[in-house]
Visitor: 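Shown below is the structure under consideration.
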Amino acid sequence: RRWKLLAAIISVSFPLLLVGLMVWSPAFLSAAETLLRPAQSLLDVTSDRVFSGKQAAIEVFAGMFLIWFVVIVIHEIGHLIMGICVGFRLMSIRFGPIRISLPFHISFKVERKTGAAGLVSMIPLHTKHLRVRATVFILGGPLANLIAGIVVMFVLGPGSLWMAWFGIFSLVIGAANLVPFRNRALLSDGKRILMLLRNREQGERWLALLQLGDELRRGVDPEALSPDFLAKATTVKDDSPDTVAGHVLAYAAAWYQKNDDEAAQLLETCLEYSGFTPPAVREVLKSDAAIFQARKRKRIELAEQWLSEIPEKTQFPGLRLRAEAAIL
């Protein structure tokens, strides 16, 4: 709340300050006009094309969407290259609806409300200097955008309308991703970096989740996951999707270890913080809650209450069937 209030104050006061400086200082007004003239020219050319005809407007918007998509691809490729350089292994990479998973499986799916236009999933190959290596991996995306934008705008020079928009989109997306913010299930690159550098517990939790993901990938059963990593993954409870991710893994371990009381507490925490996860994860948690009440507690009425909260059509198939089978 403190940061939101500060951002609101800055967003209101900064434009007023600029206007005041322009009125008070002719030299500042002249400098501002010089800096903004390229952007004004770009907007003028774009608006002329948009209003020159329906076909031209369609071409402009389609071209800008394509440029935005290319900028997203460059961002994720930047993460990928940096990750490989510092000893991370690729699991999957997504550009909009296109998802590429190893070993080279391509799928097309529109992600609902994930908050991210692209995503690269990588895991560390070893634990040495993991905090520093993770920071470099996260920086790869914004740096790729900033470098591409600087090269186009200030080194080569935007030779066309589309190159100019590419340079602007690259600079904007690169800079915006370095701003530390969180939007539900989405944490910006800047937020991750700040977490790693300032909040040791949150950083260690995220790195523990990477390690646990690597163990699952190598075929380790949930009940055999490393207790130390599970402890670090559940140390912090805050309004981030990492809270649910860590407690979900600990819940799975407690379930298969037949530690029902601990599993109940972990699942309760997952449900409490499920508002900070995508809708698909919330559906899975409700299904697990119904199964837990039916199979572990034999509380059919509570299981049926959780079943009633699961949509008829879930994003992951079979969630209602799992709950119904447990009740039966």
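All values below were derived from every heavy atom in this structure, side-chain atoms included, with hydrogens, water molecules and symmetry-related copies excluded. Keep in mind that this is a model prediction, so the values were computed, not measured.
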Visitor: Any side-chain heavy-atom pair from Val152 and Leu171 closer than 4.5 angstrom?
Guide: no

Visitor: Are the side chain of Ser188 and the backbone N or O of Val179 linked by a donor-acceptor pair below 3.5 Å?
Guide: yes

Visitor: List the steps, then state whether side chain to side chain contact (heavy atoms under 4.5 Å, CB included) holds for Asp288 with Val248.
Guide: CA-CA 10 Å; Asp288 282 351; Val248 161; over 6 Å; no

Visitor: Between Ile84 and Leu90, does the side chain to side chain contact (heavy atoms under 4.5 Å, CB included) criterion hold? Intermediate values first, please.
Guide: CA-CA 8 Å; Ile84 293 174; Leu90 175 67; 5.8 Å; no

Visitor: Rounded at 0.5 Å granularity, tell me how far CG in Leu271 sits from CZ in Arg282.
Guide: 11.5 Å

Visitor: Go through it in stages, so that I can follow the logic: the residues are Ile77 and Leu80, the test is side chain to side chain contact (heavy atoms under 4.5 Å, CB included), and I'd like the CA-CA distance, side-chain angles, deciding distance and then a yes or no.
Guide: CA-CA 5 Å; Ile77 294 296; Leu80 174 62; 4.3 Å; yes

Visitor: When you compare the side chain of Leu139 with that of Met82, does any pair of heavy atoms fall below 4.5 Å?
Guide: no

Visitor: Run the side chain to side chain contact (heavy atoms under 4.5 Å, CB included) check on Trp255 and Leu266 step by step: do they pass?
Guide: CA-CA 10 Å; Trp255 170 281; Leu266 292 166; over 6 Å; no

Visitor: Is the backbone of Pro311 close enough, under 3.5 Å, to the side chain of Thr314 for a donor and an acceptor to pair up by distance?
Guide: no

Visitor: What class does the angle between the rings of His79 and His75 fall in, given that below 30° is parallel, 30 to 60° is tilted and above 60° is perpendicular?
Guide: perpendicular

Visitor: Check whether any side-chain N or O of Arg133 sits under 3.5 Å from a backbone N or O of Val86 as a donor-acceptor pair, and report yes or no.
Guide: yes

Visitor: From Lys232 NZ over to Glu201 CD, what is the distance, rounded to the nearest 0.5 angstrom?
Guide: 11.0 Å

Visitor: Do Ile327 and Leu321 sit in one hydrophobic cluster, given that two such residues count as connected whenever their side-chain heavy atoms are within less than 4.5 Å of each other, even indirectly?
Guide: no

Visitor: Is there a side-chain contact between Tyr251 and Leu285 in this structure, where contact means two heavy atoms from C-beta onward sitting under 4.5 Å apart?
Guide: no

Visitor: Under the 3.5 angstrom rule, does the side chain of Gln257 hit a backbone N or O of Glu223 as a donor-acceptor pair?
Guide: yes

Visitor: Does a side-chain heavy-atom distance below 4.5 Å link Thr234 with Thr269?
Guide: no

Visitor: Calculate, to the nearest 0.5 Å, the distance between atoms CH2 and CD1 belonging to Trp165 and Ile67 respectively.
Guide: 9.0 Å

Visitor: Is any NZ, NE, NH1 or NH2 atom of the basic residue among Asp260 and Arg297 found under 4.0 Å from an Asp or Glu carboxylate oxygen of the other?
Guide: no

Visitor: Please verify the inter-ring angle class for Phe88 with Phe137; under 30° counts as parallel, over 60° as perpendicular, anything in between as tilted.
Guide: parallel

Visitor: Minimum heavy-atom separation for Pro142 to Gly174, with atom names?
Guide: CB-O, 3.6 Å

Visitor: What about Met64 and Met163, same hydrophobic cluster or not, with Ile/Leu/Val/Met/Phe/Trp/Tyr joined at side-chain heavy-atom distances under 4.5 Å?
Guide: yes

Visitor: Is it true that a side-chain atom of Glu76 and a backbone atom of Ile93 form a donor plus acceptor pair closer than 3.5 Å?
Guide: no

Visitor: Nearest 0.5 Å, please: how far is CD in Glu324 from CD1 in Ile291?
Guide: 10.5 Å

Visitor: Give a yes or no on whether Phe292 and Leu328 share a hydrophobic cluster (residues Ile, Leu, Val, Met, Phe, Trp, Tyr; joining criterion: side-chain heavy atoms under 4.5 Å apart).
Guide: no

Visitor: Could you give the distance from CD1 (Ile138) to CG (Leu143), rounded to the nearest 0.5 Å?
Guide: 12.0 Å

Visitor: Heavy atoms only: give me the nearest Leu194-Pro180 pair and the separation to one decimal.
Guide: CD2-CB, 4.0 Å

Visitor: Charged N to carboxylate O below 4.0 Å: is that the case for Arg218 and Asp214?
Guide: yes

Visitor: Using a 3.5 Å distance criterion without hydrogens, assess whether the side chain of Arg320 forms a donor-acceptor pair with backbone atoms of Glu312.
Guide: no

Visitor: Would you check if the side chain of Ser170 reaches a backbone N or O of Phe166 as a donor-acceptor pair within less than 3.5 Å?
Guide: yes

Visitor: At their closest point, which heavy atom of Ala289 faces which heavy atom of Leu267, and how far apart are they?
Guide: CA-CD2, 3.8 Å

Visitor: Go through the steps to decide whether Asp238 and Ser240 satisfy the test side-chain hydrogen bond (donor to acceptor under 3.5 Å, both in side chains), and finish with yes or no.
Guide: CA-CA 6 Å; Asp238 56 12; Ser240 81; 3.0 Å; yes

Visitor: Between Ser226 and Glu215, is there a side-chain donor-acceptor contact under 3.5 Å, judged purely by atom types and distance?
Guide: yes

Visitor: Which atom names give the shortest non-hydrogen contact between Gln305 and Ser308, and what distance separates them?
Guide: O-OG, 2.5 Å

Visitor: Between Thr243 and Arg205, do the side chains contain a donor N or O and an acceptor N or O under 3.5 Å apart?
Guide: yes

Visitor: With heavy-atom distances below 4.5 Å as the criterion, would you say the side chains of Trp206 and Leu196 are in contact?
Guide: yes

Visitor: How long is the gap from CD1 on Ile173 to CG on Leu146, to the nearest 0.5 Å?
Guide: 10.5 Å

Visitor: Considering non-hydrogen atoms only, spot the tightest contact between Gly78 and Ala144 and give its length.
Guide: CA-CB, 3.8 Å

Visitor: Is there a donor-acceptor contact under 3.5 Å from the side chain of Asn145 to the main chain of Val71?
Guide: yes

Visitor: Can you give me the closest heavy-atom contact between Ser287 and Arg322, atom names plus distance?
Guide: OG-NH1, 2.9 Å

Visitor: Just so I know, are the side chains of Phe169 and Val70 near enough to count as touching, which here means a heavy-atom distance under 4.5 Å?
Guide: no

Visitor: Membership question, hydrophobic clusters at under 4.5 Å side-chain separation (ILVMFWY): are Ile106 and Met91 in the same one?
Guide: no

